[in-house]
Amino acid sequence: MQIYNTLTRRKEKFVPRETGRVAMYVCGPTTYNFIHLGNARAFVVFDTVRRYFLYKGYKVRYVQNFTDIDDKIIKRAREEGEDPIRLAAKYVEEYFHDMDALNVLRADIHPKVSEHLNEIIEMVRVLIERGHAYVVDGDVYYNISSFGGYGKLSGRSQEDMQAGARVEVDRRKKHPMDFALWKSAKEGEPAWDSPWGLGRPGWHIECSAMSLKYLGTDFDIHGGGFDLIFPHHENEIAQSEAATGEPFARYWMHNGFITINQEKMSKSLGNFFLVREILDKFPPDVVRFFLLSTHYRSPLDFDDEKLAAAGRGLERVKNCIRALKEALQGNPRHTLSGADKTFNEELGGRLAEFNSAMDDDFNTALATGILFDAVGDINTYLHHAAQADGPCLEALHKAFKIIKTFNGVLGLFKIDAGDNIIIDGQSGAASGLVEALVELIIKMRQEARARKDFATADSIRNDLGKLGIILEDTPRGVRWKRQG
RNA sequence: GGCGACAUAGCCAAGUGGUAAGGCAGAGGACUGCAAAUCCUCCAUCCCCCGGUUCAAAUCCGGGUGUCGCCUCCA
């Protein structure tokens with residue numbers, strides 16, 4: 001298995017710290033707003049990475065934090081006249097709401113800054129003690145000059161940073177790029193007691209403290225968006241390695257950005273789309289498929305038409321699953337013919353291709369291509385079998401299994417309690433009634449067709465279509481589905 | 001100014017030395033009362049441009065051009 005490591009700027013063979021186990025940390029959201037599509041990309045990408053490790057048989061410990069104490073939260077809370085802690089808690093819930101929709105699995109641990117003040121304060125204390133940090137008027141700064149490795153992740157020297165520093169220089173800092181580990185509290189801000197007075201943690205320290213607490217030093221994978229490389233991850237390395245004297249993380253993975261009209265989507269540019277806005281217009285499986293249809297390190301340009309095209313493509317996969325279900329209910333053969341065996345071998349080949357795509361730095365774009373190849377294989381098999389002596393049970397099972405396997409890794413469709421793939425969402429309380437009504441209408445339409453009243457039949461099909469109910473007349477009866 | 005990424009058909013997108021995956025859109029055929037779904041066939045002589053290395057390059061090297069990103073909160 002190969003993973004592109006930002007630290008070395010090349011793909012490396014993945015060798016975990018501990019055989020058979022993967023410890024990974026992904027920077028979670030700062031909870032001051034609903035998450036946008038850019039956030040979602042990172043979380044979907046790393047969710048898929050995690051799923052692939054699980055599929056490969058690794059024991060995975062997945063940690064994703066919530067930064068629930070932060071300047072932006074305080075600002076937002078002030079604007080809304082809300083308590084910062086409560087505001088942050090609210091957006092934690094909203095985060096789960098959106099991520100559940102996108103089929104992102106819960107992390108094993110979701111630590112919050114607000115619950116780890118002790119660890120953070122302790123780490124700051126150690127950094128001061130070891131001469132890597134200094135106190136000025138109740139603030140604590142990290143002294144980057146004290147850490148030789150500073151800049152190794154983002155590939156820049158300390159001189160570069162001095163030259164490029166556009167921030168107004170705080171005279172109290174020893175180096176312009178020194179960053180806050182602890183910020184003293186102003187009046188009315190949330191504050192915690194510390195050896196340096198009342199205050200709160202700086203932005204980067206929480207990820208160091210919490211990842212080290214739950215994963216230890218030298219853990220396997222640390223992930224996040226490209227824009228976290230500098231300064232966030234650079235600073236995490238500096239803090240963690242200076243405090244522990246050990247390597248911090250082995251593989252650094254960073255996903256590319258979502259762009260809008262080829263321009264970076266970001267909160268500061270104001271051109272962002274909230275996940276829930278998009279989910280109002282498109283099904284979650286389509287959104288997830290769209291996010292995985294490009295390699296995670298490449299930029300991904302978003303617009304409605306591209307998402308719609310992705311939806312039409314994914315419909316092909318859903319149709320294949322429907323066809324399989326139908327074939328399975330159609331009393332398949334128990335014998336195994338030469339054609340069945342050939343088909344089984346074909347699918348075996350697809351599985352191997354899929355694994356090798358994912359082994360190569362989680363190439364989900366290639367992997368989804370292979371999913372489509374498998375769909376083509378299955379459709380062709382079903383087509384020919386229907387013209388001969390029908391499909392064989394074992395082949396159908398194998399086909400289902402491979403689709404489920406791919407789906408288990410990509411996480412496109414949810415699975416119900418009976419291990420069935422859910423492709424027609426919105427199974428609510430009303431759905432039983434809807435189904436009965438549709439069946440009734442179909443029955444009446446069939447009567448119209450029987451007396452060759454095609455005008456009525458077509459009009460019914462048309463009108464149902466407008467309601468999102470798609471009818472398909474097949475040689476073996478009428479099939480219907482909800483519009484994907 | 002420093003650092004970095006990318007440039008593949010109408011659109012999206014894989015592919016890091018051996019002669020262009022896959023999807024969307026499109027064309028023709030089969031099936032159908034007609035649609036839809038599905039199947040079959042077609043759809044880049046060529047991968048931004050110019051040089052070079054090589055028996056062989058979209059893939060390596062050099063030089064251009066263009067687009068984007070980081071250097072400041074941001075996934």
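Since we're looking at a predicted model, the values are computed, not measured. Per chain, numbering begins at 1; letters A, B, ... match sequence-line order.
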TODO: Could you tell me the separation between the CZ atom of A:Phe289 and the C1' atom of B:G23, rounded to a whole number of Å?
DONE: 6 Å
- [ ] Consider the side chain of A:Arg316, meaning its heavy atoms from C-beta on, and name the nucleotide among B:G23, B:C40, B:A75 that approaches it most closely.
- [x] B:G23
Open item on the list: For a quick check, tell me whether the side chain of A:Asp227 and the base of B:C73 share a donor-acceptor pair closer than 3.5 Å.
Closed with: no
Open item on the list: From CG of A:Asn271 over to P of B:A75, roughly how many Å is that when rounded to an integer?
Closed with: 14 Å
TODO: Classify the nucleic acid contact of A:Lys72 as base, sugar-phosphate or nothing, counting any heavy atom under 4.0 Å across all strands shown.
DONE: sugar-phosphate
TODO: Determine, for A:Glu80 against A:Lys90, whether the closest basic-nitrogen to carboxylate-oxygen distance falls under 4.0 angstrom.
DONE: no
Task: Interatomic distance where CG belongs to A:Leu471 and P belongs to B:A36 [whole Å] - done: 14 Å
Open item on the list: Whether the side chain of A:Asp139 engages the backbone of A:Ser184 through a donor-acceptor N/O pair (distance < 3.5 Å, no angle test) should be reported.
Closed with: yes
Open item on the list: Return whichever of A:Asn379 or A:Gly369 has its heavy-atom-nearest nucleotide of RNA chain B closer to the 5' end.
Closed with: A:Gly369
Task: Nearest-nucleotide pick for A:Arg461, side chain only, options being B:A75, B:G33, B:C71 - done: B:G33
Task: NE2 (A:His110) with more than 12 external heavy atoms under 6.0 Å - done: yes
Task: Carboxylate-amine/guanidinium contact A:Lys183 A:Glu189, below 4.0 Å - done: no
Open item on the list: Let's see if you can work this out: which of B:G33, B:C73, B:C24 has an atom nearest to the side-chain heavy atoms of A:Pro231?
Closed with: B:C73
Open item on the list: Side chain of A:Phe257, heavy atoms from C-beta onward: which of B:G23, B:G69, B:C73 has the nearest atom to it?
Closed with: B:G69
Open item on the list: Can you measure A:Phe226 atom CZ to B:G69 atom P for me and round it to whole angstrom units?
Closed with: 13 Å
Task: Side chain of A:Thr474 - closest among B:C39, B:A75, B:A36 - done: B:A36
TODO: Look at all strands and tell whether A:Gly223 reaches a base, only sugar-phosphate, or nothing, counting heavy atoms closer than 4.0 Å.
DONE: nothing
Open item on the list: On the nucleotide B:C68, are OP1 or OP2 found under 4.0 Å from the side-chain N or O atoms that A:Thr259 carries?
Closed with: no
Task: Face-to-face stacking of A:Phe454 with B:G33, centres under 5.5 angstrom, angle under 30° - done: yes
Open item on the list: Counting only side-chain heavy atoms from C-beta out, which of B:G33, B:A36, B:A75 sits nearest to A:Asp458?
Closed with: B:G33
Task: Aromatic ring proximity, centroids under 6.0 angstrom, A:Tyr251 and A:His222 - done: no
- [ ] Just call it for A:Leu37: base, sugar-phosphate, or nothing, with non-hydrogen atoms closer than 4.0 Å on any strand.
- [x] nothing
Open item on the list: Just checking A:Tyr62 against A:Tyr25, ring centres under 6.0 Å apart?
Closed with: no
Open item on the list: Does A:Asp373 reach a base, just sugar-phosphate, or nothing at all? Heavy atoms under 4.0 Å.
Closed with: sugar-phosphate
Task: Atom-to-atom span, CD1 of A:Ile378 to P of B:A37 - whole angstrom - done: 18 Å
Task: Interatomic distance, A:Leu228 CG vs B:U72 C1' [rounded to whole Å] - done: 14 Å
Open item on the list: From CG of A:Leu292 over to P of B:G23, roughly how many Å is that when rounded to an integer?
Closed with: 18 Å
- [ ] Give one of base, sugar-phosphate or nothing for A:Arg445, where a contact means two heavy atoms less than 4.0 Å apart.
- [x] base
- [ ] Provide the closest heavy-atom pair for A:Leu37 versus A:Ile258 in the form atom of the first, atom of the second, distance.
- [x] O-CG1, 4.0 Å
- [ ] Using a cut-off of strictly less than 4.0 Å, decide whether A:Arg449 has a side-chain nitrogen or oxygen near OP1 or OP2 of B:G33.
- [x] no
Task: Value in whole Å for how far the P atom of B:G33 lies from CD of A:Glu447 - done: 19 Å
Task: NZ/NE/NH1/NH2 to OD/OE distance under 4.0 Å, A:Asp303 and A:Lys306 - done: yes
Open item on the list: Does the protein touch nucleotides 3-15 of chain B at the base, only the backbone, or not at all? Give it as B, S and - per nucleotide, heavy atoms under 4.0 Å.
Closed with: SS-------SSSS
Task: Which nucleotide in B:C39, B:A35, B:G22 has an atom nearest any side-chain atom of A:His383 - done: B:C39
- [ ] Respond yes when some side-chain nitrogen or oxygen of A:Asn319 is under 4.0 Å from OP1 or OP2 of B:U38, and no when none is.
- [x] yes
